[in-house]
Amino acid sequence: MYSYSKLLNADPEVAAAIRGEVDRENSHLEMIASENFVSEAVMSALGSQFTNKYAEGYPGDRYYGGCQYADIVENLARDRAKKLFGCEYVNVQPHAGSQANTAVQFALLKPEDMILGMTLDAGGHLSHGCKANISGKYFQVAGYGVDENGYIDYDEILKIAKETRPKLIISGASAYPRKIDFQKFREIADEVGAYLLADIAHISGLVVAGEHMSPIPYAHVTTSTTHKTLRGPRGGMIMSSDAFAKDHKIDKAIFPGLQGGPLVHVIAAKAVCYGEALKPEFKTYAKNVIANAQALSSGLMDRGIKIFTGGTDNHLMLVDLRPLGVSGKEAEDELDEAGITCNKNAIPNDTSSKTITGGIRLGTAALTTRGLGTADMETIAEAIRLVVVERTAASKAKAKAMIGELTEKYPLYENVE
Ligand code: DSN
């Protein structure tokens, strides 16, 4: 099992980097919308002896001997995930969300088929057809964006779908603060004879807690990561009906199509994460994530800071800094100095470069795990105002002191042994 003190003796350089990361996580507020903090139980499974094991294949049908415990743990992960999401079929082997999406595309499409996904600029993901990604190189791509208020426009998507006749429509985003209607997406897909893939990487924790519509009854296939609002280890998963998965050979698309040996230690940690998400406390956690996001976005708007779409329905928000004349890059750097970790993010119709951007994305999944509540969101909103609106040395120092008080009030790791 993972032991910091043993690592320190064996490899002080790597131990020092880990110590640095632990101290950074302790001393900063983690507001990157795609990050979270796993439990000690998840961390223990990740640091377990399963990292030693090769287990190509699936439970009961492996290409290596000695897989009896790997089978147990993969079956536990699959059974728990099926119960959690209410689906018939699950594959827990994808190393990440991108691999899950690529495997689905590999299973359902032929090279040069048309994909319709949300554009990266509007908040979509690389694996939904970005030109630089394999999805944009091997397939033809059409994109949809958001309307002038920042919402998905389903009539517009239907229009684009009728013009471009995609074989696959992808719903899901990395920076969309509003609810997604999977039933409407399915109606559009049916109208043009396309498959629907719902990528719920960001919102899966909210979905299983009943805080967001589930795509399972509507999408042909659903993918997710396991490390965002779901609060598990870094990794991916694919869900579907038994018949669809069998007909389209989804298991084969992951192994041997795209991956070799599964990461059994990560699958063990996924099993722990699904078990945690099945507990009633997880529902409270997801409710609090949204309450915190809404309190923070209101606190920022009360201070004259523009929030794209005027709020949020989920765990994240986009702060439009363009009216303040501050770039996303400047805000990311200056907030980091004050103790807030976040990422610069393009706002739809942003004309600044992708490495500068006109905004930042803020999320509350990790803050909520740390124990912060809505009253603390007021403090964070004020600290952000001091950094991005006032922008004096004195105001930034004040913000840093305020964030320091919060990180001390909610310690993350008391001892690292
Ligand atoms: N890179 C992730 C995010 O930050 O949203 C998406 O995979």
message: Between Lys83 and Asp79, does any NZ, NE, NH1 or NH2 come within less than 4.0 Å of an OD or OE carboxylate oxygen?
response: no
field: Results of side-chain contact (heavy atoms from CB on, under 4.5 Å) for Leu158 - residues two or more places apart only
entry: Lys162, Ile188, Glu191
query: Residues two or more places apart in sequence or in another chain: which of them pass side-chain contact (heavy atoms from CB on, under 4.5 Å) with Asp11?
result: Leu7, Glu13, Val14
Among residues at least two apart in sequence or on other chains, which ones pass side-chain hydrogen bond (donor to acceptor under 3.5 Å, both in side chains) with [X]?
X: Gln99; value: none
X: Tyr69; value: none
X: Arg165; value: none
X: Asp333; value: Lys329

So do the side chains of [X] and [Y] get within less than 4.5 Å of each other, counting heavy atoms only?
X: Lys184; Y: Ile157; result: no
X: Pro217; Y: Gln183; result: no
X: Leu335; Y: Met31; result: no
X: Met377; Y: Leu367; result: yes
X: Leu324; Y: Val389; result: yes
X: Thr226; Y: Val266; result: no
X: Ile356; Y: Lys344; result: no
X: Thr407; Y: Leu29; result: yes

Going by the salt bridge (charged side-chain N to carboxylate O under 4.0 Å, His left out) test, which pairs reach into [range], not counting sequence neighbours?
range: residues 222-237; result: none
range: residues 208-223; result: Glu211-Lys287
range: residues 105-115; result: Asp113-Lys167
range: residues 147-156; result: none

task: Please lay out, stage by stage, how Lys82 and Glu88 fare under the test salt bridge (Lys or Arg N to Asp or Glu O under 4.0 Å).
output: CA-CA 6 Å; Lys82 285 180 200 171; Glu88 289 175 355; over 6 Å; no
Has [X] got a side-chain atom pairing as donor or acceptor with [Y]'s backbone, closer than 3.5 angstrom?
X: Asn292; Y: Val289; value: no
X: Gln105; Y: Ser127; value: yes
X: Arg80; Y: Ala271; value: yes
X: Tyr154; Y: Asp181; value: yes
X: Tyr58; Y: Asp251; value: yes

Roughly how far, to the nearest 0.5 Å, is the [atom2] atom of [Y] from the [atom1] atom of [X]?
X: Asn343; Y: Asp336; atom1: CG; atom2: CG; answer: 11.5 Å
X: Asp247; Y: Ser241; atom1: CG; atom2: OG; answer: 8.0 Å
X: Ile340; Y: Ile32; atom1: CD1; atom2: CD1; answer: 12.0 Å
X: Phe37; Y: Met43; atom1: CZ; atom2: CE; answer: 10.0 Å
X: Thr341; Y: Glu25; atom1: OG1; atom2: CD; answer: 9.0 Å
X: His128; Y: Ser174; atom1: NE2; atom2: OG; answer: 6.5 Å

field: For Glu378, salt bridge (Lys or Arg N to Asp or Glu O under 4.0 Å) partners two or more places apart
entry: Arg303
query: Can you check side chain to side chain contact (heavy atoms under 4.5 Å, CB included) on Leu230 and Leu84, steps first, answer last?
result: CA-CA 11 Å; Leu230 198 54; Leu84 185 62; 4.3 Å; yes
task: Could you walk me through whether Val319 and Ile307 pass the side chain to side chain contact (heavy atoms under 4.5 Å, CB included) test, one step at a time?
output: CA-CA 5 Å; Val319 183; Ile307 300 295; 3.9 Å; yes
Quick one: do the [X] and [Y] side chains pair a donor with an acceptor below 3.5 Å?
X: Asn101; Y: Thr223; answer: yes
X: His212; Y: Asn314; answer: no
X: Ser352; Y: Asp350; answer: yes

task: Looking only at non-hydrogen atoms, find the nearest pair between Val272 and Ala41 and report the distance.
output: CG1-CB, 3.7 Å
task: Determine, step by step, whether Ser135 and Asn133 satisfy the side chain to side chain donor-acceptor pair (under 3.5 Å) criterion, reporting the C-alpha distance in whole Å, the side-chain angles of both residues, the deciding distance to 0.1 Å, and the verdict.
output: CA-CA 5 Å; Ser135 56; Asn133 183 264; 2.7 Å; yes
- line: From the list Glu408, Arg370, Glu21, side chain to side chain contact (heavy atoms under 4.5 Å, CB included) partner of Asn26 resolves to Arg370
- request: Quick one: sort the Phe185 and Tyr144 rings into parallel, tilted or perpendicular, breaks at 30° and 60°.
  value: tilted
field: Residue pairs, two or more places apart or on separate chains, that pass side chain to side chain donor-acceptor pair (under 3.5 Å) and touch residues 259-285
entry: Asn36-Tyr285, Ser39-Glu276, His95-Gln259, Tyr285-Thr369
- request: Determine, step by step, whether Tyr151 and Arg178 satisfy the side chain to side chain donor-acceptor pair (under 3.5 Å) criterion, reporting the C-alpha distance in whole Å, the side-chain angles of both residues, the deciding distance to 0.1 Å, and the verdict.
  value: CA-CA 7 Å; Tyr151 284 74; Arg178 295 300 180 177; 3.1 Å; yes
Take atom [atom1] of [X] as the centre, draw a 6.0 Å sphere, and report whether it contains more than 12 heavy atoms from other residues, nucleotides or ligands.
X: Tyr138; atom1: OH; result: no
X: Asn349; atom1: CG; result: no
X: Phe282; atom1: CZ; result: yes

- request: Apply side chain to side chain contact (heavy atoms under 4.5 Å, CB included) to Glu390 and Lys398, showing your working.
  value: CA-CA 11 Å; Glu390 249 182 72; Lys398 189 169 172 203; over 6 Å; no
- request: Tell me, with the steps shown, if Phe182 and Ile200 meet side chain to side chain contact (heavy atoms under 4.5 Å, CB included).
  value: CA-CA 11 Å; Phe182 298 110; Ile200 56 168; 3.8 Å; yes
